[in-house]
There are 2 protein chains.
Amino acid sequence: MQKKRITLKDIARETGVHVSTVSRALDPVERRTITEEVVKRIQAAADALGYRPNRIAAGLRTNRTMTVGVMIPDITNVIFPPILRGIESVLEPLGYASIIVNTDSDRDREIRLLDVLRDRGVDGIIHAAVLRSDPSISQAAQDGLPVVTLNRKVEFSEIPYVINDEDAGICQMLRHLQKLGHNRIAHIAGPQDLSTGQLRLAAFRRAADDLSIAVEEALIVTATRFDEVEGGRCLTTLLSAGKPFTAVLCANDRLALGAIEALRERGIDCPRDISVTGFNDMPFLDLIRPKLTTVRIQQHGAGRAAANILLQLMNDNADGVSLETVLPVELVVRESTAPAR
Amino acid sequence: MQKKRITLKDIARETGVHVSTVSRALDPVERRTITEEVVKRIQAAADALGYRPNRIAAGLRTNRTMTVGVMIPDITNVIFPPILRGIESVLEPLGYASIIVNTDSDRDREIRLLDVLRDRGVDGIIHAAVLRSDPSISQAAQDGLPVVTLNRKVEFSEIPYVINDEDAGICQMLRHLQKLGHNRIAHIAGPQDLSTGQLRLAAFRRAADDLSIAVEEALIVTATRFDEVEGGRCLTTLLSAGKPFTAVLCANDRLALGAIEALRERGIDCPRDISVTGFNDMPFLDLIRPKLTTVRIQQHGAGRAAANILLQLMNDNADGVSLETVLPVELVVRESTAPAR
DNA sequence: CTGAATTAAGCAATCGATTGCACAAAGTTC
DNA sequence: GAACTTTGTGCAATCGATTGCTTAATTCAG
């Protein structure tokens with residue numbers, strides 16, 4: 001038994017004017033075409049009755065719902081909540097709400113969820129879970145829906161994207177290790193079907209080359225997931241390969257934590273015997289010993305940047321937006337790296 | 001230049017029938033009133049044109065948007081993402097989407113965000129951030145909006161709620177400590193303006209009483225926030241009070257982690273010298289040494305339970321729902337507790 | 001074979017807000 | 001003071017889907 005909502009019609013009846021007049025009086029832009037005294041009366045009646053505009057109705061007419069869609073792989077992954085807060089910090093004050101969906105990095109699910117968002121008439125989409133090539137989101141963008149991608153670009157498309165400067169991060173980290181005297185450096189790479197895994201591996205090769213560090217293929221192991229178990233498994237693989245190394249650069253923090261744990265189980269000390277580094281600087285990292293040396297990426301900032309670009313697109317300022325936004329990263333040296341023995 | 005969406009009218013024109021016929025043919029319930037052959041033709045045309053129903057338009061007419069609102073204090077708090085996934089696991093397969101908002105436990109913000117949700121015509125709200133007395137959400141429920149609260153009940157209201165059996169959790173933990181020989185047990189309580197802080201302190205007093213453990217007021221310290229810094233500060237306060245104790249039961253994991261850290265800084269070993277326990281069993285806890293003994297609450301399960309209740313309310317099965325749902329908790333004994341010295 | 005019952009599909013109102021256009025009253029110009 | 005602006009408000013169509021009611025067509029009973 002939903003209590004009846006107050007509508008423009010109610011205010012019109014109350015004040016004795018036409019609903020269109022009420023509509024205009026309540027619209028900050030149109031307001032100036034109405035006599036001030038009438039505006040006051042309408043405003044007063046609206047407040048007295050507790051009027052709240054029905055955005056569904058307005059949305060049907062104007063094709064704007066003041067709602068955006070946000071697609072992420074999985075909200076339980078700690079790097080995403082700060083991104084969402086970053087997005088919210090920009091959009092919420094302007095009256096936007098967000099519908100958040102988890103794709104689980106599943107293509108079919110992503111396609112379905114994209115429809116879920118479009119059916120609800122979202123004004124734009126921030127997509128932090130794009131697959132390498134993503135026809136559905138490209139199509140949506142081509143149809144005129146404002147779209148920004150986060151953490152990854154869609155190949156061969158005009159969709160603006162925001163990424164962290166992972167190249168620089170990997171390079172700084174490698175330089176840090178080099179300065180500590182490491183020259184036999186292993187890499188535990190992330191899943192190659194995920195953007196970050198692939199990008200960071202490529203960055204590793206490039207940076208090693210730049211710094212004249214020999215890359216030995218036997219010292220590169222690829223994880224199938226970004227988690228501690230895989231980090232441990234990869235480290236074990238590295239050890240049993242028999243090639244010596246004094247440092248392991250991991251594609252993310254969780255892999256690094258798993259690697260350190262695996263070392264500990266074998267009585268190998270990090271950082272005394274082997275240095276290990278992570279990537280992302282996820283929350284709670286400073287509670288885990290040894291404190292992990294890692295690369296901090298701007299999560300909140302990335303969310304904000306994406307939201308600002310989306311705003312421009314939604315306001316038809318498409319010209320003003322740059323296709324690419326690269327956010328700086330920061331090397332965070334803590335305890336898991338030490339001079340090579 | 002948004003590409004024109006296909007509407008019922010387009011399909012009607014294409015197939016030579018009336019839009020109302022198209023609408024009925026596409027509605028699984030109304031479909032039976034239409035000749036099968038016509039349904040097939042319409043279905044085929046809809047598929048061929050790539051028709052997607054406009055939920056905004058449908059929502060205006062039917063007052064159902066297939067969208068629910070979820071209010072939480074802060075998505076970056078690790079206990080909430082699993083709750084959201086639990087909610088999603090129930091609602092998403094049924095076609096619902098969620099608008100998630102962060103209240104930051106701020107009353108004004110909550111009131112504003114509640115309007116944000118109502119303006120968008122959400123079919124119901126799951127509120128995991130209610131304050132102790134919450135006139136705005138009570139009013140919304142009274143107006144007929146389906147509401148379920150999570151983790152806390154609204155006093156003096158008929159709003160169904162889902163909570164974890166915190167009483168049992170505290171009691172089990174206390175019994176665990178008692179069995180280990182502890183009888184001077186301190187409590188680091190959470191903020192008393194938050195539900196969990198208050199509930200757990202009350203539970204602590206009750207359980208201590210039941211187990212005939214003396215409660216000394218000097219051994220109860222209240223944190224102002226649920227974080228590590230406050231945990232450390234409270235532990236310091238306890239130590240400087242001079243009253244001896246052999247165990248600290250903390251109102252949540254983060255307070256416990258801060259307490260352990262503070263102990264370590266003073267050369268006091270946990271668990272050898274003092275046992276420390278947490279609450280929640282948050283993710284990554286098993287990566288932090290010593291592994292924390294804690295109480296596991298059902299986060300995903302709580303989300304699911306709340307979603308199921310909301311579904312019943314939204315389908316006008318209000319009679320079938322019980323006002324209270326209490327989910328069992330589980331004692332997780334790890335390394336931070338040991339026999340009293 | 002007529003009249004009632006059933007079935008299938010169309011008609012039109014509706015949800016609430018927005019907005020182009022019409023129109024009347026007041027103000028301005030020469 | 002006639003012609004023309006300007007200003008403020010009303011009128012009515014519109015967005016797209018839903019649904020009660022009507023009408024037309026078919027089936028069935030007696």
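Quick note on labels: first sequence line is chain A, next is B, and so on, each numbered from 1. Note: hydrogens, waters and symmetry copies are ignored here, and every other heavy atom, side chains too, is used.
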| request: Show your reasoning for whether side-chain contact (heavy atoms from CB on, under 4.5 Å) applies to A/Val68 and A/Ile126. | output: CA-CA 8 Å; A/Val68 303; A/Ile126 294 179; 5.7 Å; no

| query | Does OP1 or OP2 of C/dA9 have a side-chain N or O of B/His18 closer than 4.0 Å? | reply | no

| note | 5'-most contact on DNA chain D (nearest-nucleotide basis), B/Ala57 vs B/Asp27, goes to B/Ala57

| task | Figure out the CZ/P separation between B/Arg31 and C/dA8, and round it to whole Å. | result | 14 Å

| field | Atom pair CD1/NE2 of A/Ile137 and A/His127 - distance to nearest 0.5 Å | value | 4.5 Å

| Contact under 4.0 Å: B/Ser20 side-chain N or O vs C/dC11 OP1/OP2 | no

| task | Rounded off to whole Å, could you give me the CD-to-P distance for the A/Glu30 and D/dG8 pair? | result | 13 Å

| message | Which nucleotide wins on minimum distance to the side chain of B/Thr35, given the candidates C/dA8, C/dT18, C/dC21? | response | C/dA8

| note | In whole angstroms, the gap separating P of C/dA12 from NZ of B/Lys9 amounts to 15 Å

| task | Using whole Å, report how far CG of A/Leu60 lies from C1' of D/dT18. | result | 12 Å

| said: Any N or O donor-acceptor pair under 3.5 Å from the base of D/dG20 to the side chain of B/Arg24? | reply: yes

| query | Less than 4.5 Å apart, any side-chain heavy atom of A/Ser98 and any of A/Glu88? | reply | no

| said: Within the 4.0 Å heavy-atom criterion, would you say A/Val38 contacts the bases, only the backbone, or no part of the nucleic acid? | reply: sugar-phosphate

| remark: Judged by nearest nucleotide, the residue sitting upstream toward the 5' end of DNA chain C, B/Ile34 or B/Arg61, is B/Ile34

| field | Close side-chain approach of B/Leu84 to B/Ile75, heavy-atom, < 4.5 Å | value | yes

| query | Which part of the nucleic acid, if any, lies within reach of A/Val17 when heavy atoms closer than 4.0 Å are counted: base, sugar-phosphate only, or nothing? | reply | sugar-phosphate

| field | Minimum heavy-atom distance between A/Arg64 and A/Met314, given as atom pair plus value | value | NH2-O, 3.3 Å

| message | Just the rounded figure in Å: distance from C1' of C/dT18 to CG of A/Leu8. | response | 9 Å

| request: Could you state the atom-to-atom distance from CG of A/Asn54 to C1' of D/dC15 in whole Å? | output: 13 Å

| Tell me: CD of A/Glu37 to P of D/dG8, nearest whole Å? | 12 Å

| message | Rounded to whole Å, please give me the gap between CZ in A/Arg64 and P in C/dG16. | response | 23 Å

| said: For a quick check of understanding: with a heavy-atom distance under 4.0 Å over all strands, which category does B/Thr62 fall into, base, sugar-phosphate or nothing? | reply: sugar-phosphate

